[in-house]
S.K.: 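Sharing a structure here in structure tokens format.
A note on names: the letters A, B, ... follow the listed sequences, proteins ahead of strands, and every chain is numbered from 1. All heavy atoms count here, side chains included; hydrogens, waters and symmetry mates do not.
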2 protein chains.
Amino acid sequence: MSDSKIRNMDEFARVSGVSRPTLSKYFNEPESVRQTTRRKIDAALKKYDYRPNIYAMNQNRKLTKSIGIVVPLLSDPYFAEIARNLEQRCIAAGYRPTLFSSHGDPAFEVEVLDTLRSMKPAGVLFAPLGRASDRAALERFCADVPTLIFDSSVDEIGLAFVGSDNFQFTSHITDYLCRTGEAPCFFEMKTPANPNAHRRRQSYVDAMQSFGFTPHVISVDGEGWGFEEIGRVGGHAAFDQNQFSTNTILCSNDRLAIGLLTACYEKGIRVGRGAECTIRVAGQDGHPHSRYTCPPLTTISHNYDAVSQTAAEALFAAIDGHVTPWQSTRLEGKLIMRASA
Amino acid sequence: MSDSKIRNMDEFARVSGVSRPTLSKYFNEPESVRQTTRRKIDAALKKYDYRPNIYAMNQNRKLTKSIGIVVPLLSDPYFAEIARNLEQRCIAAGYRPTLFSSHGDPAFEVEVLDTLRSMKPAGVLFAPLGRASDRAALERFCADVPTLIFDSSVDEIGLAFVGSDNFQFTSHITDYLCRTGEAPCFFEMKTPANPNAHRRRQSYVDAMQSFGFTPHVISVDGEGWGFEEIGRVGGHAAFDQNQFSTNTILCSNDRLAIGLLTACYEKGIRVGRGAECTIRVAGQDGHPHSRYTCPPLTTISHNYDAVSQTAAEALFAAIDGHVTPWQSTRLEGKLIMRASA
DNA sequence: AATTTAAATTTGCGCGCGTAAATTTTTAGT
DNA sequence: ACTAAAAATTTACGCGCGCAAATTTAAATT
């Protein structure tokens, strides 16, 4: 590699034997220049390590090649996993993804929106905080930037919604639990941070009634995103007050279930399907960690790949001008039968 | 708020009654303009929602206000947690942090470096993949951009290193285990993705010898970042081949320990300190999940706050021109005694 | 070989802001 | 009130690239 430094596109145009506007086209969309030209540029790129100034590039471009990915809380492995998946799809499609976490804070979510707006991204993949989100701010943002909502829905906002079918989730795993033992009661947070929780409770109630059972919901106290601790503390309280009406507990999500399993352990209650076990516990989400709990957690898993693929491709299509009317895609979950229930 | 749109700084200068160069100063460093002037700008900002074009801003600025944060794998809760911590410190200090994950891939790590270079960040907080990192590329990068290395050290590269004292970690928890029961054997990956692992094994051996015990290391197969599964599968194999020489197992990290706990559960082996328990298991890292394993995992925890604070402040100081010779700061871990050992 | 079509080039303007130098205004100090 | 210092303003230029129009060159078609 030559060590002579290339300062700008003009200099690089000289050494590559291609005009600057052609280079500009190439860097924006390599396929848009003739193959022979592309080879000249590629050869020069190998020789001199020039990279265009991204700030100068994006200043005048109407449509940047960047995509924003926003999740409510990046330190939640579920969101980390789906963010990772989306990120790699963006890269594969030739975009520059930028990751954001709302840190579970509605005010910060609005700030992320502002930051994103000033980035002039080609599009945004946005998982809202849910209930707590500033609807008006989100609506204004969607009017300016092509935004695809995923994970949890906020009415008919943005290009489309892609997520899991929470009704199917809960009704499917409730069905499974009813068939294999006592009908479950439902363990949830009183004030859940996520709107999916409401759908899940409702679906549990519906499913139980349609199967001819009486639903029983245990709502525990606790604010914020420390679900495991809320599940653990709430689990202790529920046991102490004898709130579990059956020997089977369906949790609103896996993190809550993980906390409940810890509470069971601490109380000396054996969890599982065996004869020596007292109760069964199931979760919902297919959390990356659910395989490794003790006992391994029976859960209904998001189809991570399908959700992220559907979401990413819908956004890419919209960016490419294939506008379709708003639609909601809700993908089915897959029951993962493990030892806990 | 007035709805008349402000297109650029010139227009905003007119409506705020301040000159454009003064605005430029303000947006770069609000404290650098007189208080009366600042109030005029703040008032105008409330009235018109103008935000300077970040691309135009950064194009000619030598020193951007952005900071890059790079971790090996963002879907690992340990890195997610420390990244979150660092991110908020950057925001509090008035910087714009951007998060990157190397996805456990050395080639991708180099790409992240290239992306970062073109961002002209004020500084970078970089946690290398370790052994697998492209040392030369990293060195070149550090020559161009103020970079602080954290978590795992790569010789004397960058401004400084801040991380945990892996020798203290392992020797401290080994000491604890020896005092409270049988001396531990050491459970690790044969080809660890992280260089800290080597330090920990070495420290275990040293500690055991200094306490007058014979060290015993079990190295299990497995590539990549799926530590829990490697620990689980390796645990099964180790039990089947009777490789554990004592009833106490110190794992190289918490994720490995979590997988081992799962293997124990699957084998029907009771873990903990009670009379009815067969073995003790301990981890290292203070993984966010370690509180919720069954039994809760005894571990030695990183001082997340102190590591991220030290790292962030050292970088901020360097950015502000307070250059100090390279130094390595290794913070002690805190023993967290739980039920598993 | 002539024609059509596509791609690359030349030319030149503009984006929104940084920044430097010279000038004016404001503030602080005696 | 006068002076010196600090801050704000005016003026002017440049950054690196996007982009559009006109022109030239190369590729594809007949």
S.K.: Could you tell me whether the phosphate oxygens of D:dC17, OP1 or OP2, come under 4.0 Å of any side-chain nitrogen or oxygen in A:Tyr50?
M.R.: yes
S.K.: Please report the distance, rounded to the nearest Å, between CD1 in B:Ile41 and C1' in D:dT9.
M.R.: 13 Å
S.K.: Taking any heavy-atom pair under 4.0 Å as a contact, classify A:Ser32: base, sugar-phosphate, or nothing.
M.R.: sugar-phosphate
S.K.: Closest approach to the side chain of B:Asn60, judged atom by atom: which nucleotide of C:dT10, C:dG16, D:dC17 is it?
M.R.: C:dG16
S.K.: Would you tell me if any nitrogen or oxygen in the side chain of A:Arg34 comes within less than 4.0 Å of OP1 or OP2 on C:dA7?
M.R.: no
S.K.: State whether a side-chain donor-acceptor pair under 3.5 Å links B:Tyr55 with A:Asn53.
M.R.: no
S.K.: Between atom CZ in A:Arg61 and atom C1' in C:dG14, what is the gap in whole Å?
M.R.: 16 Å
S.K.: In whole angstroms, how far is the P atom of D:dG16 from the NZ atom of B:Lys120?
M.R.: 8 Å
S.K.: Taking C-beta and beyond as the side chain, do B:Pro106 and B:Phe108 meet within less than 4.5 Å on heavy atoms?
M.R.: no
S.K.: Find the distance A:Lys25:NZ to C:dA6:P and express it as a whole number of Å.
M.R.: 12 Å
S.K.: Taking for each residue the nucleotide of DNA chain C bearing the nearest heavy atom, is the 5' side occupied by B:Arg20 or by A:Gln35?
M.R.: A:Gln35
S.K.: Are B:Arg14 and B:Glu11 within salt-bridge range, i.e. N to O under 4.0 Å?
M.R.: no
S.K.: Could you tell me whether the side chains of A:Asp305 and A:Asn85 share a donor-acceptor contact shorter than 3.5 Å?
M.R.: yes
S.K.: DNA chain D: B:Thr37 or A:Asn8, which has the more 5' nearest nucleotide?
M.R.: B:Thr37
S.K.: What I want to find out is whether A:Lys65 reaches A:Glu29 closely enough, with some N-O distance under 4.0 Å, to be called a salt bridge.
M.R.: yes
S.K.: Between C:dG18 and B:Gln59, counting only base atoms on the nucleotide and side-chain atoms on the residue, is there a donor-acceptor pair under 3.5 Å?
M.R.: no
S.K.: Closest to the B:Met9 side chain: C:dG18, D:dC19, D:dT9?
M.R.: C:dG18
S.K.: Quick one: A:Asn53 CG to C:dC17 P, roughly how many Å, whole number?
M.R.: 16 Å
S.K.: What's the OH-P distance between A:Tyr26 and C:dT9, to the nearest Å?
M.R.: 14 Å
S.K.: Can you tell me how far C1' of C:dG18 sits from CD of B:Glu29, to the nearest Å?
M.R.: 16 Å
S.K.: Considering just the side-chain nitrogens and oxygens of A:Ser24, establish if one lies under 4.0 Å of OP1 or OP2 belonging to D:dG18.
M.R.: yes
S.K.: Below the 4.0 Å mark, does C:dT9 have OP1 or OP2 next to a side-chain nitrogen or oxygen of A:Thr22?
M.R.: yes
S.K.: Output the rounded distance in Å from CG (A:Asp10) to P (C:dG12).
M.R.: 14 Å
